[in-house]
Amino acid sequence: MLDRYGLVGIFAVMALIFPVIPLLMAWVVRPKKPNKTKSTTYECGLAFEDFPEQAQNVWVQFRVQYYIFALLFVVFDIEVVFLYPWAVAYDSLGLFALVEMVAFLGILILALAYAWRKGLLEWV
Amino acid sequence: MDIFNNLFPGLYDWINALLHDWFKGAMPADVESVLVSAIMALIVAISAILFMVLMVLIMIWLERKNAARIQDRVGPNRVGPYGLLQPIADTIKMLIKEDIVPTNADKLVHLLAPLVAMAPAVLALAVVPFGKGMTPVDLNIGLLFMIAVGSIGVVGIFMAGYGSNNKYSLLGGMRGVAQVVSYEVPQVLTVVTVILLSGSMSLVKIVDAQGGWFGLQWNILALPVGLIAFVIFYICALAEVNRSPFDLIEGESEIVAGFFTEYSGMKWGLFYLAEYFNFFIVCMFGATLFLGGWQGPILPGWLWLIIKTYALVWLGMWIRMTLPRFRVDQLMKFAWKVLVPVALANLLLTSILIGVYNGIGF
Amino acid sequence: MIPLQYFLLLGAAMFCLGLYGALARRNAIAILIGIELMLNAVNINLVAFWRYIKPANPAFELAGQVFALFVITLAAAEAGIGLALVIAIYRSRDTVNVEDVNLMKW
Amino acid sequence: MTADQFLTNVVFFLLAAVALVGAIFAVTLKNLVRSALGLILSFMAVAGIYFVLEAEFIAIVQVLIYVGAISILILFAIMLTRALMSGAESSNNSQWIGAAAIAALLFGALGAIVLGTNWHAAQNALKGDLIVKLGTELVTTYVLPFEAVSLLLLAALIGAFVIARE
C-alpha cells in the first residue's frame, strides 16, 4: 500500500502543514491591539450595535435557486463519474458501448431540457 | 540537452543512493527502505511546494507589471530592479498586519477556512507531470484525482462565508459556491474528451500520447474537438479560480469583498496565495491536458511546461485586464445554457469521430 | 496486512453512529446527515469485501466496487430528494423540527 | 511485522480515528453547519481508508461526490432553512436515550458477529488496469443497473425540482 500511495499521503500531510507555517510566522511578528470597534462586524462603516434587532441578524434568507443549481451539479457530477471509466475503456469496446452511453446521456439531457423548459436555469 | 532533461531525476537518484549508503547497516533492511522512501517523498513534496511558491511570486509580479502595461502605467518599480522584489515586500507587509477576528464570528471555522482553501492546491501537485520522469505519483486516475481535489476548495469558500458571520461574506460565499459548482460541470464534461483522445486517465500517459510530430501532437490540435474542449476548459478554469471576468464573488463594488470581507493579515494572505496557486495549477493542468505538457523540441521538458503554463497565465491576465465583470444571472446562464450543452455535444462528436477512426463496429 | 475485521468493525461503528444520529436528532437535516453516515459505512464494508474475499465467479470480480458506486449514486439521489422535502416543509410550515411535522401522524 | 506493514497499520488507525471523530461531531454537535463540517471530515478520512484498501477509484469518487457535491447540497439546505438558529432547546428529541441504547446494542451484536465469523479472507492480488475493467463491466455485466442509475437520477432531479420549487 505504502509504496503506491505513500507519496500521496506525504503530500496530504504537507498540504495540511504548509498553510499553517505562514500563520504561525505572522502570529509571532504581528501586533495584537484589539478594541471593541475594530472587532465589530463590517457594515459599510456603520456601527453594528446601532442597527435595529432585525438587521443585526446576519442570516439572509437564500432563494431556492441555490439548492436547484447544487442539485443539478450533483446529478451531472455523478453522471461524469460513470463516464470516466467508460471513456478509458472506449477504445477496446464496440458500437454497443457508444449506444449505451448515448442512452445514458440522453436520459440526463432530458433532465436538463426539463429544467430549461421550466425556467429553472434562470437566475432571477 | 539530456543533462538538463535528466537534471532533477538524476538529482533524485543521487540523493536516494546517498541516503541508502548512509543508513545501511544502522537498522534492519525493511525499516531502512521505508525511512529512505519517506525522506525522499518529503524532499519531493517540499521541493514541489517551493517551486510553486517561486512561480507564484513571479506570477504576482508579472500580473502587476502586465496590468500596468495594459493600463499605460509603470507598475511596481521601487523595490529591487524593475520592482522584482515587490512580491516579497507584499509578503512582509501581510506578515506584520494585525489579525482582526470579529467578535461574533464562528472563530474556529473562521480560522480553518483559509487552511481548507489552501490545502487542495498543494495536494493537487502530487500528480502533476513536471517533466520526463518527474511525476511525483503516477496515479492510474491522476486526472480524476486533480478534479476531485480541486472540488474540495469550495468547502473553504463556504466556511469563510459562514464563519465570518457577516451578510456580505455569507452572500459572497454562497454565490461563490454556486458559481464554482456550476462551472465544474462543463469542466469535468470536457475533460472526458481528453480521456477519449488519449485513452487513459493517467496524466503521464496523457502527456506521452501527445509526443508525436517532434512533441507537437497536442490534444488541442485534434481539430475540431480538441480546440472546443480547450476553450471550454479554459473558461471554466478562470471561473473555478474566481478570476476576472468571473470574480463577482469578491466584487468589491457590490458585496464589499465577498467572503474576504472579515479577513485580514496572513489569513487574507493565504486566500490570496491559494487563488494564485490554484490559477497556476489549473493552467499547468491545461498545458498538460491540451498543450502537450512537457513535450516539446530542443528545450528540456520541465522548461517547456513552465513556458506553456506562463502562456496560459498570461492569457488569463490579458482577459482580466480587458473584460468587465459578468452579472450573476449572465454567469449562471452562460454555464448551464451555453457551456454544458456545447460540452455534451463535443463529447458525443468526439466519441463518434473516434469510433469512425478506429472502425469499431461501424 | 490489516485484518478484514478491522474494516468491518469501523463500518459497524460508523453505521451505529449514523443510526444514533438518525434516531435521536430533532432536526430533519441532521437526520439526513445520520443516514449519509450509514450509507458511507455500508460502502466501507463493500469495498473491504471486494479487496479481501474472492467471488466464486470471476465475472463478479469487481462487484464490490461497482456496488459501492451505485450506493454513492443512491446516497446522492436520497440526499437530493430528502433535502428538497425538508426545504418544502420549511417553506410551508416554517420549521424543520421533525416533532412539529405531525400532520400525517395518526 | 515489517516496517511497511506497521506503518500501514498506523495509517489505518489514524484514518479510522479521524473518521469516527468526524462522525461523532456530525451526530452530536448542535450547530448544524459545524455538524456538516464534521461529516465532511469523516468523508475525507473514509476516502483515505479506500486508499488503504487500494480502491483508488472509489476513493476519488468519494472525494468528488461526497465531499465536493453531497456536502454542498447539505450545506445549502442548511442555509436555506435557517435550521441552526435553534436557540437554547436541545438538538435531540425525547427518544435519544433509547436511540443511543439501540445503537450501542446493534454495535455490540455486529461486533460479536464480525469477530466470531471465520471470514476466509485474504487480500486479492490486483492485476491489470482496474479502470479499463470497470469501464468494460459497466457497459457489459452491469449494463442494466447502469442505465437504471440514469433513470434514478432523472427521477430524483425532476422529483426534487417539483418538490422544492416555489
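Values below: every heavy atom of this structure, side chains too, minus hydrogens, waters and symmetry copies.
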Engineer: Can we say D:Lys133 and C:Glu61 salt-bridge, meaning some charged N sits less than 4.0 Å from an Asp/Glu carboxylate O?
Structural biologist: yes
Engineer: With side-chain contact (heavy atoms from CB on, under 4.5 Å) as the criterion, how do C:Leu9 and D:Leu115 come out once you've worked through the C-alpha distance, each side chain's angles and the decisive distance to 0.1 Å?
Structural biologist: CA-CA 9 Å; C:Leu9 280 179; D:Leu115 295 175; 4.2 Å; yes
Engineer: Looking at C:Ala12, C:Ala88, C:Gly80, which has the largest count of heavy-atom pairs under 4.5 Å with chain D?
Structural biologist: C:Ala12
Engineer: In terms of heavy-atom proximity below 4.5 Å to chain D, should C:Ala75 be classed as side chain, backbone, both, or neither?
Structural biologist: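 Both the backbone and the side chain of C:Ala75 come within 4.5 Å of chain D.
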Engineer: Name the option with the most non-hydrogen atom pairs under 4.5 Å to chain D; the candidates are C:Val86, C:Val66, C:Ile89.
Structural biologist: C:Val66
Engineer: In the structure I gave you, are the side-chain heavy atoms of D:Phe6 and D:Thr2 within less than 4.5 Å of one another anywhere?
Structural biologist: no
Engineer: In terms of heavy-atom proximity below 4.5 Å to chain C, should D:Ala19 be classed as side chain, backbone, both, or neither?
Structural biologist: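 Looking at D:Ala19, backbone and side chain both touch chain C.
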Engineer: With only heavy atoms counted, which part of D:Ile24 is less than 4.5 Å from chain C, the side chain, the backbone, both or neither?
Structural biologist: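 For D:Ile24, heavy atoms of backbone and side chain both lie under 4.5 Å from chain C.
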Engineer: Between D:Leu106 and chain C, with a heavy-atom cut-off of 4.5 Å, which part of the residue counts as in contact: side chain, backbone, both or neither?
Structural biologist: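 For D:Leu106, heavy atoms of backbone and side chain both lie under 4.5 Å from chain C.
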Engineer: Using a cut-off of under 4.5 Å for heavy-atom pairs, which of C:Leu4, C:Val47, C:Leu19 has the most such pairs with chain D?
Structural biologist: C:Val47
Engineer: Quick one: what part of C:Ala63 sits under 4.5 Å from any heavy atom of chain D, side chain, backbone, both or neither?
Structural biologist: both
Engineer: Do C:Leu39 and C:Glu78 have side chains that approach each other closer than 4.5 Å (heavy atoms only, starting at C-beta)?
Structural biologist: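 Yes, side chains in contact.
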Engineer: Checking D:Leu39 against chain C: side chain, backbone, both or neither under 4.5 Å from a heavy atom?
Structural biologist: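 Contact with chain C involves the side chain of D:Leu39 alone.
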Engineer: Determine which pairs satisfy ring-ring contact (aromatic ring centres under 6.0 Å, His included) with at least one residue from residues 5-36 of chain C, sequence neighbours left out, and list them in order.
Structural biologist: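 Every ring-ring contact (aromatic ring centres under 6.0 Å, His included) pair that includes a residue of residues 5-36 of chain C, provided the two are not neighbours, is C:Tyr6-D:Phe13, C:Phe7-C:Tyr52, C:Phe7-D:Phe12.
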Engineer: C:Asn43 versus D:Tyr50: any side-chain heavy-atom pair under 4.5 Å?
Structural biologist: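 Contact flag for C:Asn43/D:Tyr50 side chains = yes.
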Engineer: Please name all residues satisfying salt bridge (Lys or Arg N to Asp or Glu O under 4.0 Å) with D:Glu137, sequence neighbours left out, ordered by chain then number.
Structural biologist: none
Engineer: Find the one option among C:Ala76, C:Gly21, C:Cys16 whose heavy-atom pairs under 4.5 Å with chain D are most numerous.
Structural biologist: C:Cys16
Engineer: Check whether any side-chain heavy atom of C:Arg25 lies under 4.5 Å from a side-chain heavy atom of D:Ser35, and answer yes or no.
Structural biologist: yes
Engineer: Please classify the contact of D:Ile70 with chain C as side chain, backbone, both or neither, using a heavy-atom distance under 4.5 Å.
Structural biologist: side chain
Engineer: Do C:Glu36 and D:Ile74 touch side chain to side chain, with heavy atoms closer than 4.5 Å?
Structural biologist: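 Side-chain contact under 4.5 Å: yes.
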Engineer: Is there a side-chain contact between C:Ile35 and C:Ile31 (heavy atoms, below 4.5 Å)?
Structural biologist: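 SC-SC contact between C:Ile35 and C:Ile31 confirmed.
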Engineer: Would you mind checking which part of C:Ile44 comes under 4.5 Å of any heavy atom in chain D, side chain (CB onward), backbone (N, CA, C, O), both or neither?
Structural biologist: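 Both backbone and side chain of C:Ile44 come within 4.5 Å of chain D.
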Engineer: Are the side chains of D:Val18 and D:Val21 in contact, using a 4.5 Å heavy-atom criterion?
Structural biologist: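 No, their side chains stay 4.5 Å or more apart.
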Engineer: Measuring heavy-atom distances to chain C, does D:Val46 have an atom under 4.5 Å in its side chain, in its backbone, in both, or in neither?
Structural biologist: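 Side chain of D:Val46 only, per the 4.5 Å heavy-atom cut-off to chain C.
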Engineer: Mind checking whether C:Trp50 and C:Phe60 have side chains closer than 4.5 Å, heavy atoms only?
Structural biologist: no
Engineer: With only heavy atoms counted, which part of D:Thr117 is less than 4.5 Å from chain C, the side chain, the backbone, both or neither?
Structural biologist: backbone
Engineer: Check whether D:Tyr66 gets within reach of chain C through its side chain, its backbone, both or neither, counting any heavy atom under 4.5 Å.
Structural biologist: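 Just its side chain gets close to chain C.
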Engineer: At a heavy-atom distance under 4.5 Å, which candidate from C:Leu69, C:Leu62, C:Thr73 has the highest pair count against chain D?
Structural biologist: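 The answer is C:Leu62.
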Engineer: What residue in D:Leu110, D:Ile58, D:Leu130 has the most heavy-atom pairs under 4.5 Å with chain C?
Structural biologist: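 The option with the most such pairs is D:Ile58.
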Engineer: For D:Leu153, which atoms come within 4.5 Å of any heavy atom of chain C: side chain, backbone, both, or neither?
Structural biologist: side chain
Engineer: Measure D:Leu29 against the heavy atoms of chain C and call it side chain, backbone, both or neither at under 4.5 Å.
Structural biologist: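 The backbone, not the side chain.
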Engineer: Among C:Ile87, C:Asn40, C:Leu85, C:Leu37, which residue forms the greatest number of heavy-atom pairs with chain D at distances under 4.5 Å?
Structural biologist: C:Asn40
